[in-house]
Amino acid sequence: MKIDTALQVPLITLVGPPNSGKTTLFNLLSGKNYKTVNYPGSTVEYYTSRILPKYNIQAELLDSPGIVSLLPESIDEKVAVDSLYSHPTLGAPDLVITTIDSCQLSRHLLLPIQLVSSGFNVIIVLTMTDILAKRDLKVSENRLSKSLNCDVVAINGRTKQGVDNLIKLINSNLERIKTAEKKNILPHSLIENKTNLLDTFKEIEEIVNDVYEPIKVDKINLKTANNELKVLQDGSASNGFTPDEITIKIDRVLLHRFWGFLVFLLVMGLTFTSIFWIAQPLMNFVDELFTNLNSLVLENFEPGWLTFLISDGIISGTGSVLVFVPQILILFLILGLLEDSGYLARGAMLIDKPLSKIGLNGRSFVPMLSGFACAIPAMIAARTIPNRKERLFTIFIIPLMSCSARLPVYALLIAYLIPKDNAWLGGFLLGGIYFLSTISSIVVAWIINKFSKRIFSDEGSSSFILELPSYKIPKINAVINHTYNSSKQYILRAGPMILGFSLVLWFLTFFPNINPQVEKEGLTTEQIQNLERAERLEHSFASDLGKIIQPFMTPIGMDWRIGVSLISAFAAREVFVSSLALTFKVTSEDDEEQSTLLNSLTTAKIGATGEKLFTVATSIGLIVFFIFALQCLSTVAVSRKETGGWKIPILQVFIFTGLAYFMTFLTVNGLRFFGVQ
Amino acid sequence: MRTAAELNYREKGIISEIDYSHPSSKRIMEHGFTPGQTIELICKSTFNDPIAISIRGTLIAIRKSEAGCIKLK
């Protein structure tokens, strides 16, 4: 309990079942000016905001993940419930506002009843009243208020009708609370058990029979409304409405045994295509922007460690964070549209059976899909999986999804393997890589599942119960708003980490040989700079490191330079390409045709033997390495945070990188055995 | 006794009781599956599992193994 209440503003917490319009109400009251806060001790986040000044209420508003009841199952729900009873930094809420879908009273009333009986000060906000009005019905706020013993107000999210009433209620409640004695709030687990749940539902059924009433417009409507009402109040009949007719019609196709899966595959295919093809020009733009900025700095400042720190360290590092933003934006946008339209829940349902075969859950589907853009938001998305083992397992295999950071690596190696005039073959090969990586992640998941008891030490019962919301046209504004916020979160979370590691990498490749001595006669400034870079790298900490791992690189047909690039790829995979450029542009002997990275790769030779370094076999080997290896420190960091320990991230690094090495070894030597060099 | 998992396509049934010994029973009840309610099987997934059941005016996707603890009259 707060001691200095007088100094603090009151705390209002917003709770509600999923799909009850909670977020719409939050946006309405906060004006979208919210900030994200982490729940202490976990990474589960929720939003807080001051109520808009125009409403003239001094109070902090807290949004939380959707919950069906006060007895939580998933981590998301647990945080929502915990933050209700006592938030570690904000304390217990002075007032709880709960949103209830007025067409879904018979299910949604469970939460407010539990809230009231726990002793919270509750205001119920009835949403979706316009949909109910289409059936010529409304909910009697008075009667509902009397039966539940708390304030009730109906709000239309679109026309904002009813908001004034809500503000009045908030004010009067806050006034009352100020003077009243603080109530004791009981944890719900203490007062609820299974038989009680049945009693609560009986109570709800009685209330529902009582509170719906026809809107009095004209006689004809009154008649249809009364018919609807009769159906509603007919004791044994479905206590509530029948599901939306249009939704059922659409589901006959989208959840059809055959067509359903075909549509699902089509939707997924389109999602991927747009992630890659729409994002590509934008990513090239970002990439070019930072490359130009980099050369601008190099051209205009005296070469020295500070200049290089700014250009190769800070600017390139920032670039490698921002280059993924287009893909992340598009992924969140598509996911948002699919979720808001109601399809995402169907996708999870369709894929549940195949995923359960390898120890996963239909709810793993969205996190895994996000994994194709970036593992970091994907791991965070896994929080919605109630079963602990399935959640950990989903996080475990997410690094196997072919994230977008691998794309530049694949693109480079494909460009190297395939002649330029054969673009379709390149596209085909890229498709093949994605197909192969998906298949192999399924196989790996299946194998790891066999050892899951040892890794996750937690079985629990697997469960898949998911509400399939009615289809509706997505609210573009809300989706864009959400996309913007999620992307911002990604940049803030992953950005500093990637930038930090880029700087460390820069340090390793730049020091200790800061001022290399090279022959300058008859060379252009650029050639001198390149030679200096080469010399610097040759004697850098990174090269020392690379030479230590040389013995590991030889069996897979590679040398220390690729080794260094692979190590630098641990900062973020796409750094591999820039690191390769840095090492190879400068260490091969011919300086005539070194303008492009591809050319320098062609001429690169293994130091000791003089053999060609980038053969077909080693290039394919590298692709295979990137399919499996976990080389992303940000992913490791997020995995540690989300799993609450080092065990899983360490296992991930060793298993996936070991597997990558083994598979590369097999590929390179297998190809050589069959005569492919 | 039949359970919700054995419903045919578009068949209705009235819930008689919930098997409390099932670990998911609490969650199932929280979604509104209580005795006396009429349910209807709306769709089945491609692999026959999970199934989509209409309850209290909404659609709930549920695995057959869990629908098995919803006993019908």
Side-chain angles (χ1 to χ4, degrees), chain A residues 19 68-69 71 73 101 103-108 110 193-195 197-198 200-202 204-205 208 235-244 247-248 251-252 254-258 260-262 264 345-346 348-354 356 362 386 460-470, chain B residues 3-5 7-73:
Chain A
N19 311 314
V68 187
S69 89
L71 304 162
E73 294 266 344
D101 179 347
C103 307
Q104 296 267 338
L105 283 192
S106 96
R107 293 173 63 240
H108 284 182
L110 178 64
N193 59 42
K194 274 163 189 161
T195 32
L197 204 55
L198 284 183
T200 312
F201 269 109
K202 271 203 193 97
I204 290 173
E205 279 151 31
V208 168
S236 70
S238 54
N239 198 257
F241 301 97
T242 45
D244 184 32
T247 295
I248 290 182
D251 270 340
R252 254 181 231 161
L254 294 189
L255 289 179
H256 185 274
R257 279 182 181 188
F258 175 72
F261 210 68
L262 205 68
F264 174 75
R346 269 92 182 167
M349 173 185 169
L350 284 168
I351 202 76
D352 178 62
K353 184 80 182 178
S356 69
S461 72
S462 175
S463 165
F464 183 82
I465 305 173
L466 189 64
E467 184 184 347
L468 304 176
S470 297
Chain B
T3 69
L7 280 175
N8 292 316
Y9 181 67
R10 305 246 49 182
E11 191 194 349
K12 285 184 184 173
I14 296 171
I15 301 174
S16 68
E17 61 169 324
I18 306 289
D19 175 7
Y20 297 138
S21 61
H22 195 284
S24 304
S25 60
K26 189 193 107 237
R27 205 173 165 76
I28 286 169
M29 281 195 284
E30 280 174 357
H31 276 89
F33 291 94
T34 52
Q37 289 294 316
T38 306
I39 57 172
E40 180 180 350
L41 190 131
I42 302 291
C43 305
K44 287 181 177 184
S45 181
T46 307
F47 306 94
N48 265 331
D49 194 12
I51 51 178
I53 293 178
S54 133
I55 170 92
R56 293 177 186 253
T58 193
L59 286 178
I60 304 281
I62 181 169
R63 278 190 189 160
K64 275 189 165 177
S65 58
E66 295 175 286
C69 76
I70 304 171
K71 303 240 159 76
L72 300 177
K73 270 178 192 163

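Residue numbering restarts at 1 for every chain, and letters A, B, ... go by the order of the sequence lines. From a predicted model like this one, the values you see are computed outputs, not experimental measurements.
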Asker: Indicate yes or no: does A/R107 engage B/E30 in a salt bridge with an N to O separation below 4.0 Å.
Answerer: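 Not counted as a salt bridge, because no side-chain N and carboxylate O are separated by less than 4.0 Å.
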
Asker: Does the distance from a Lys or Arg side-chain N to an Asp or Glu carboxylate O, for B/D49 and B/K64, drop under 4.0 Å?
Answerer: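 The answer is no: the pair does not qualify as a salt bridge.
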
Asker: Distance-only, no hydrogens or angles: does the B/T46 side chain make a donor-acceptor pair with backbone N or O of A/R257 under 3.5 Å?
Answerer: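 Yes.
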
Asker: May I have the step-by-step check of side chain to side chain donor-acceptor pair (under 3.5 Å) for B/S24 and B/R63, ending in yes or no?
Answerer: CA-CA 11 Å; B/S24 304; B/R63 278 190 189 160; over 6 Å; no

Asker: Please look at B/I28 and chain A and tell me whether the side chain, the backbone, both or neither of the residue comes under 4.5 angstrom of a heavy atom of that chain.
Answerer: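 Interface part for B/I28: both.
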
Asker: Can you check whether B/N8's main-chain N or O pairs, donor with acceptor, with B/E11's side chain at less than 3.5 Å?
Answerer: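 Judged by distance alone, yes, a pair lies under 3.5 Å.
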
Asker: For A/H108, is it the side chain, the backbone, both, or neither that has a heavy atom closer than 4.5 Å to a heavy atom of chain B?
Answerer: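 A/H108 has no heavy atom closer than 4.5 Å to chain B.
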
Asker: Is B/F33 in contact with chain A via its backbone, its side chain, both, or neither, using a 4.5 Å heavy-atom distance?
Answerer: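 B/F33 has no heavy atom closer than 4.5 Å to chain A.
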
Asker: Identify which part of A/S470 has an atom lying under 4.5 Å from any heavy atom of chain B, answering side chain, backbone, both or neither.
Answerer: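 Answer is neither: A/S470 stays 4.5 Å or more from chain B.
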
Asker: So, B/K73 and B/E17, do they make that salt bridge, N to O below 4.0 Å?
Answerer: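 Salt bridge absent between B/K73 and B/E17.
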
Asker: Between B/P35, B/S45, B/A61, which has the largest tally of heavy atom pairs under 4.5 Å with chain A?
Answerer: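 Looking at each of B/P35, B/S45, B/A61 in turn, B/A61 comes out on top.
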
Asker: What residue, out of B/H31, B/K44, B/E40, B/K12, has the most heavy-atom pairs lying under 4.5 Å from chain A?
Answerer: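 Among B/H31, B/K44, B/E40, B/K12, the one with the most close pairs to chain A is B/H31.
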
Asker: Output the option from B/S65, B/A67, B/C43 having the highest count of non-hydrogen pairs under 4.5 Å with chain A.
Answerer: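 Highest number of pairs under 4.5 Å: B/C43.
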
